[in-house]
Amino acid sequence: MFSGKESFKSQFRQRLAGAYGKAVEEATDQELYQILGTMVREQLGESWIATNRACRGDGVKQAYYFSLEFLLGRLLGSNLINMGMLEMVDSALREMGADPERLEGCEPDAGLGNGGLGRLAACFLDSLASLDLPGHGCGIRYKYGLFEQKIVDGYQVELPDNWLREGNVWEVRRADKAVEVRFGGRVTAREEQGRLTFDHYEYESVLAVPYDIPVAGYHTGTVNTLRLFSAEMMSADFDPRQVSMSDQRKIIEYKRSTEAISEFLYPDDSHWEGKRLRLKQQYFLVCAGIHSILRTYRKRNLPLSRLPEFVSIHINDTHPALAIPELMRILLDEEKMSWEEAWMVTGRTVSYTNHTTLVEAMETWPLSMMQELLPRITMIIEEIDRRFRLEVIQRYLGKQEMAERMAIVRDGTVHMAHLAVAGSHSINGVAQVHTEILKQRVLKDFCQIYPRRFNNKTNGITHRRWLLKANPRLADLVTRQLGEDWIRDPDLLQELARYRNREDLQDEFLAIRQENKEALARLIHQETGISVDTSSIFDVQVKRLHAYKRQVLNVLHILDLYCRLRENPALEIHPRTFIFGAKAAPSYYFAKKVIKLIHAVADLVNRDPATRDVLRVVFLENYSVSLAEQIIPAADISEQISTASKEASGTGNMKFMLNGAVTVGTLDGANIEIRQEVGDENIFIFGLTAAEVLNYYQYGGYSALETYNSSPRVARVVDMLVGGELAGSYGEIRDIYNALLAENDEYFVLRDLGAYLDVQESAGIAFQNRREWAARCLSNVAGAGVFSSDRTIREYARDIWGIRPLLTGDRPGGSPWNG
Ligand code: 26Q
């Protein structure tokens, strides 16, 4: 432990010498980073012990957030901020001749997630610890995170993300807490003392080794745990000296097949691929996680019937829904509980968040695959299904067809959302409109039977990473206006609304925005060679690439401006820089074609002398948490333009707003609630509503061709796609054209295009009135308080988990590590 700057410096030097035999000026940035990270993690040790002790205390209930994804990003800066050590460490490093920013750059992003769902899990961990709540994460330590994206010739190329190459300073391997996970084999039933007993033979064992990462709250002593499991072979099973050659081959194969389980995160967002291995991952996580929870619980010497008083298991979408049959298996087979009691305990312990209503993203598994891989679990799921159907028919509705619709297992397919609803006491959506769609449409039958289980928890983001860390200049301005209290209580940001018309504040805000834009412009130039005009509007769309998110709509706006400028070189519009960042799932061919389209449009627009001074199009490759932290603070306009009803919530929208960007968006997901907070004048809303879209779908969609035929402006940009000017990509772009016209535009792009062009024009004009624009930006920052994940987590803690703050957290004034 160190306390204060001088002791930090002397320890730093000592450790550097010990580890590498070097002085600061001789060491590489990587070496300096390794030492720094290790010291920071170790500094958390005592508080980690104290938090764990407090968690074991009488009557303390803990929540465990099970997720196949944790999109953490870098941890050095956020840990230093939360520990209150950022300034001290920065200045100590500088005094020793090291560059803190370069050291931070040595840390690879922990990119163990695809997008919103994984990043939400990471924000929740930060809020749990910052609120002194006993809540931990449970996930998989993928050896490779989401692929690294390179763009070659306008096409996405996927490279492995080898984030563990230099090790991970934040994790602690806990070999002593490894647990066994069993796959395959056969199950037989026999009667023992009047009770059915199941024996499992010939299974394959995999060892789940936990790696624990401390999660430090902001200026508090609470340090929770993110436990990530790594798959290894069970070495005790084999003694290599006593096996023959052919067995050695088997061992090698066994090692390979076990380690494969935690090798890759599947960037499989709503598309089929590597199915079987993915199912293995899900069971691996759930089995190991529950095992380790129960090991801790058993130290209380209480019966498992009381588990729900002490443990809450939350499943992040259906991916960990096997937690339900796995907990049943333990209660039935190992604890010999009755079915009825086991079902009661399981239901009271588990809760579930739904993150999507897209039919193609609803998880299902072939029953046969499940049987082969998880024979006992499958038997339990079938029994859950049998009893659930009976309950539906007998106690409630008496309708066979309803039971059939709601079935957990039907026609050889397991429906994970149905399993998750049947087996948990709480089901929540992630924004008001999304929860209403769940209740009134997607899960309507279930909501009729269990209305009290359904509830809304509008998403949030941690304002510590997304403002304090990502945009220190703006955070500092806010602190100078409001004092530091907003960091603990982000609702206080609301105060800024009162000052929105103060000219000094507007000027300061605009100056900060300008500096952030210049920093991003440097990055863009460094990464792409493109120079951008920092007085232009930075119009940003960064998020996963998906048809429903409608990057294509954005592109059509660019093409409309391009056509108009060529037609009329004197056209007066404020210059714009369009910035994109997006990864496409490797098997999602349409999404990949859109990446190619963006590049083709960029080529055209950036080269043409008629437009290049007014329009620029930039695609930043390998969008990630760290890149987001650099892009978002520099955005003027935030594009949130999904087809209404499709984006469950969105959280990027909140990050932009918090940094004072103005949203151009549809009435979808949390955009609706953002509008409520900032008011109509401070957001640019366009397009169909969710009700309108859903109504169209009910009656077979709208006619894209009619829209095309009746609007020359729409027709002109759509024709551009196949007019021969977008070079080198005829095939891909033709397919996008066909999706819009021949396939009748499933995502209402053309239907919303007119309204989108109009609202963009208003936004462009509005931008030119600098005072009014700055006031709008300030209103957005002011309205962002409710979208802090602190608010979200308080609601989960109170309404779903029933957990209360630990009494160990040191309250205000500072941090227990700061000396
Ligand atoms: C489904 C089936 C089989 C395999 C994988 C999947 C799969 C994997 C990942 C389905 C969905 C995901 C990720 C979904 C996701 O990120 N959803 C987003 O969650 C955010 C947090 O709630 C919301 O804000 C976004 O609106 C939502 O799109």
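We count ligands from 1, going down the list as the structure has it; atoms in each ligand are counted the same way. Values below: all heavy atoms of this structure, side chains included; hydrogens, waters and symmetry mates excluded.
- Shown are R464, R119, K469; of these, the salt bridge (Lys or Arg N to Asp or Glu O under 4.0 Å) with E629 is made only by K469.
- Listed by number with element, the atoms of ligand 1 under 4.0 angstrom from any heavy atom of Y548 are 28 (O).
- For V430, the closest heavy-atom approach to ligand 1 falls below 4.0 Å.
- Pairs of residues two or more places apart, or lying in two chains, never qualify as salt bridge (charged side-chain N to carboxylate O under 4.0 Å, His left out) while including a residue from residues 280-290.
- Note on ring orientation: taking the six-membered ring where Trp is involved, the planes of H557 and Y756 are perpendicular (angle over 60°, cut-offs 30° and 60°).
- In this structure, R751 is not positioned above the aromatic face of F748 in the sense of NZ or CZ being under 6.0 Å from the six-membered ring centre and within 45° of the axis.
- Interface atoms of ligand 1 facing A648, defined by a heavy-atom separation under 4.0 Å, are 26 (O).
- Not one N or O of K275 is nearer than 3.5 Å to an N or O of ligand 1, by distance alone.
- Seen from the ring of F147, K583 counts as a face-on cation partner, given the 6.0 Å and 45° thresholds.
- The closest heavy-atom contact to atom 24 (O) of ligand 1, among the options A670, G650, G116, comes from G650.
- Of the candidates F66, Y64, W801, H314 forms a ring-ring contact (aromatic ring centres under 6.0 Å, His included) with just one, namely W801.
- Distance CG/N554 to CD1/I598: 7.5 Å, rounded to 0.5 Å.
- Side chain of D680 to backbone of Q676: no donor-acceptor contact under 3.5 angstrom is found.
- Shown in contact with A361 at under 4.0 Å from a heavy atom are these atoms of ligand 1, numbered in order with element: 1 (C).
- Assignment of H319 to the shell around ligand 1 is supported, since a heavy atom sits closer than 4.0 Å.
- Taking any N or O of S649, backbone or side chain, at least one lies under 3.5 Å from an N or O belonging to ligand 1.
- Polar contact check, R278 against ligand 1: no nitrogen or oxygen pair lies under 3.5 Å apart.
- Under 4.0 angstrom from ligand 1, there are no non-hydrogen atoms of M362.
- Heavy-atom separations between H434 and ligand 1 are all 4.0 Å or longer.
- With rounding to the nearest 0.5 Å, the separation of CG in L159 from NZ in K150 is 6.0 Å.
- Considering backbone and side-chain N/O of N459, one or more are found under 3.5 Å from N/O of ligand 1.
- With a 6.0 Å cutoff to the six-membered ring centre and a 45° limit on the axis angle, R278 does not count as a cation-pi contact of Y266.
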Report the C-alpha distance between N354 and H434 in whole Å, list the side-chain angles of each, state the deciding distance to 0.1 Å, and finish with yes or no for side-chain hydrogen bond (donor to acceptor under 3.5 Å, both in side chains). CA-CA 9 Å; N354 172 289; H434 170 235; 2.9 Å; yes
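- Near E69, meaning under 4.0 Å from any of its heavy atoms, are these atoms of ligand 1: 9 (C).
- By the 3.5 Å distance cut-off applied to N or O atoms, E647 is counted among the residues near ligand 1.
- Contacts between W365 and ligand 1 below 4.0 angstrom, taking non-hydrogen atoms only, are absent altogether.
- In terms of polar-atom proximity, defined here as any N/O pair under 3.5 Å, K549 makes no such contact with ligand 1.
- Distances between N or O atoms of L117 and those of ligand 1 include at least one value under 3.5 Å.
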